[in-house]
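One structure is given here, and the rest of the page talks about it.
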Amino acid sequence: MRELKNYIGGSFLPASSGALLENRAPATGEVIATIPASGASEIDAAVAAGRAALAGPWGRSTVAERADLLDAIADGIARRADELAALESLDTGKPVALARNMDIARAVANFRFFAGAVRHDETGCHEMADAINYTQRRPLGVVGLITPWNLPLYLLSWKAAPALACGNAVVAKPSELTPLTASALAEVIHGVDLPAGTFNLVHGLGAEAGAALVSHPGVAGISFTGGTSTGAQVGAAASAGFKKLSLELGGKNATVVFADADPAITLPGVLRASFTNQGQVCLCGSRILVERRYLESFLSRFRTAVEALTLGDPSDPGTELGSLISAAHREKVEHYVALARAEGGTIVTGGSRPAMQGSLAGGAFYRPTVITGLPIDSRVAQEEIFGPVVTVHPFDTEEEAVALANGVPYGLAASVWTRDLTRAHRVAGALDVGMVWVNTWLKRDLRVPFGGVKASGVGREGGAHSLAFYTHDKNVCIAL
Ligand code: NDP
């Protein structure tokens, strides 16, 4: 049983009220930690600590010093990688192998990548006949980072690394459902020579600590990843204070499978896109659109592959599917499966809880579920479920596939599976999303723009986009 603390001004502190929230392991339902139920006063203290750091040595730090510190943080995470993977798996219910190979590996990579990116960053110079302009990149100040439960350290490091690289002070508010690795990151940062107050961590509820952070007048920018409806509230509150804002929100991503797709890569690829992290990745392809003449053959092979997935104890290295994030989230998923039945859908496989034994009997497990026969405009095919549930829909022409893919309020990502390169270019160009993969899924280069359109968010992060987000450009014009 861990008693986690906030990390404010270089010290680990409880909430001033002494109030605590319980943190449960979703695979067993057991309470594994308590966190401070923080609110406005802890956010005030963290923002003040950030401003003090900016007024002190951190505000005078050089790019080279900051890049070296980021590398030291990456080293610190890498040294604790096995422990952090176990914590992430315990906290989220995700398979430990996934936590080790994806979440923790990416956290290390994020700090290393942005250390390199800021070292190699450059700004513009514009010459005139009688003057010269040059652009300076300046940190925003104190930035608020709000992250969800599905990829806790992965997404926190994706934001904290560029924010620190650019010289900002950070106040991070992780999901109260998954606080463990954020606290471990604070310990790693405590162990390197980052000036006190540069990185602050405040645990608590979104509606309390999160809302206080978004509306705090001392915060210059907010980077938020989470659900679309929360994003709308965050956007409204941040805009009222003229804060710089990045919103990475939900998705209802299409997986578009043409009949000429290579089954050897398409089946495992679509399987991964459907059920990685129990379908709880914003980029997961939850609507599979299949060319009608390939539908029957695809479905029978896909069903076999889905049923062969190993669902079990997340701490077992052989487990491919773990538990959902919470019992409440499983109820939401079950509600959608019941709705699918009511809307006329056929459950091809899944659609129920697996029988788990021993301590896992109290876990939030759900079988990977494939549904056919639903109208494309049904709620189940339109709304983000964020769980191990995919719907499969036939199409006859390329134009129809594009129209079906684009026919949702979201526009985050899509994947296209075909051997016809010309068609791949054409379809990728026509899809109304921020990211398209062709014959692959979730292959990420940290330099590329990441983000969505429509209800999936505003702004881009990644590489130069992150450096641009976490800074403002100042022009200096000198008369010659
Ligand atoms: P939520 O929107 O519920 O929460 C996200 C974060 O915001 C949490 O830390 C939450 O705190 C906090 N929060 C909640 N209310 C407020 C508020 N009023 N003001 C400020 N902060 C608040 O999302 P989930 O945690 O449920 O995550 C799942 C969602 O995230 C899915 O919709 C998914 O698609 C999306 N997502 C998007 C990604 C992208 O890059 N586009 C990547 C990953 C996920 P608390 O948990 O304490 O309530």
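Remember, it's 1-based here, ligands and their atoms both numbered in the order they're listed. Just so it is clear, the model here is predicted, and its values are computed rather than measured.
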Does the side chain of [X] reach to within under 4.5 Å of the side chain of [Y], using non-hydrogen atoms?
{"X": "F12", "Y": "H190", "result": "yes"}
{"X": "R287", "Y": "T255", "result": "no"}
{"X": "R353", "Y": "R330", "result": "yes"}
{"X": "R106", "Y": "R444", "result": "yes"}
{"X": "T276", "Y": "W441", "result": "yes"}
{"X": "V392", "Y": "I371", "result": "no"}
{"X": "T147", "Y": "Y154", "result": "no"}

Of the protein's non-hydrogen atoms, which lies at the shortest distance from [atom], and what is that distance?
{"atom": "atom 12 (C) of ligand 1", "value": "I146 CG2, 3.7 Å"}
{"atom": "atom 38 (C) of ligand 1", "value": "C282 SG, 2.9 Å"}
{"atom": "atom 23 (O) of ligand 1", "value": "G227 N, 3.3 Å"}
{"atom": "atom 9 (O) of ligand 1", "value": "T147 O, 2.8 Å"}
{"atom": "atom 43 (C) of ligand 1", "value": "N150 ND2, 3.2 Å"}
{"atom": "atom 37 (C) of ligand 1", "value": "L249 O, 3.1 Å"}
{"atom": "atom 26 (O) of ligand 1", "value": "W149 NE1, 2.9 Å"}
{"atom": "atom 20 (C) of ligand 1", "value": "G210 C, 3.2 Å"}

- request: Would you confirm whether any non-hydrogen atom of the protein falls under 4.0 Å from atom 4 (O) of ligand 1?
  value: no
query: Would S89 and K94 satisfy side chain to side chain donor-acceptor pair (under 3.5 Å), going step by step from the backbone distance to the final call?
result: CA-CA 5 Å; S89 170; K94 71 177 64 186; over 6 Å; no
Any nitrogen or oxygen of [X], main chain or side chain, under 3.5 Å from a nitrogen or oxygen of ligand 1?
{"X": "P148", "result": "no"}
{"X": "L205", "result": "no"}
{"X": "T225", "result": "no"}
{"X": "T228", "result": "no"}

task: To the nearest 0.5 Å, tell me how far D103 CG sits from L87 CG.
output: 12.0 Å
Within-shell test, [X] vs ligand 1, heavy atom, strictly < 4.0 Å:
{"X": "L151", "result": "no"}
{"X": "L213", "result": "no"}
{"X": "G457", "result": "no"}
{"X": "L177", "result": "no"}
{"X": "G452", "result": "no"}
{"X": "S229", "result": "no"}

Over 12 non-hydrogen atoms of neighbours within 6.0 angstrom of [atom1] in [X]:
{"X": "E3", "atom1": "CD", "value": "no"}
{"X": "R51", "atom1": "CZ", "value": "no"}
{"X": "K443", "atom1": "NZ", "value": "no"}

- request: Could you tell me whether the side chain of N168 and the main chain of G141 form a donor-acceptor pair under 3.5 Å?
  value: yes
task: Output, in order, the C-alpha distance, side-chain angles, deciding distance and verdict of ring-ring contact (aromatic ring centres under 6.0 Å, His included) for W149 and F386.
output: CA-CA 12 Å; W149 46 259; F386 214 58; 5.3 Å; yes
query: Nearest non-hydrogen atom to atom 11 (O) of ligand 1 belongs to which of E248, E176, K173?
result: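 Ranked by closest heavy atom to atom 11 (O) of ligand 1, first place is K173.
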message: Could you tell me, atom by atom, which parts of ligand 1 come under 4.0 Å of a heavy atom of V234?
response: 19 (N), 20 (C)
task: Taking only heavy atoms of F450 into account, list the atoms of ligand 1 that are under 4.0 Å away from them.
output: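 Heavy-atom distances to F450 below 4.0 Å select 40 (O).
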query: Looking only at side chains, do N23 and D91 share a donor and an acceptor under 3.5 Å apart?
result: yes
Side chain, backbone, both or neither: the part of [X] lying under 4.0 Å from ligand 1 by heavy atom:
{"X": "S456", "answer": "neither"}
{"X": "L412", "answer": "side chain"}
{"X": "E384", "answer": "side chain"}
{"X": "L283", "answer": "neither"}
{"X": "V281", "answer": "neither"}

- prompt: Can you check side chain to side chain donor-acceptor pair (under 3.5 Å) on E384 and Y410, steps first, answer last?
  reply: CA-CA 9 Å; E384 185 183 45; Y410 296 102; 4.6 Å; no
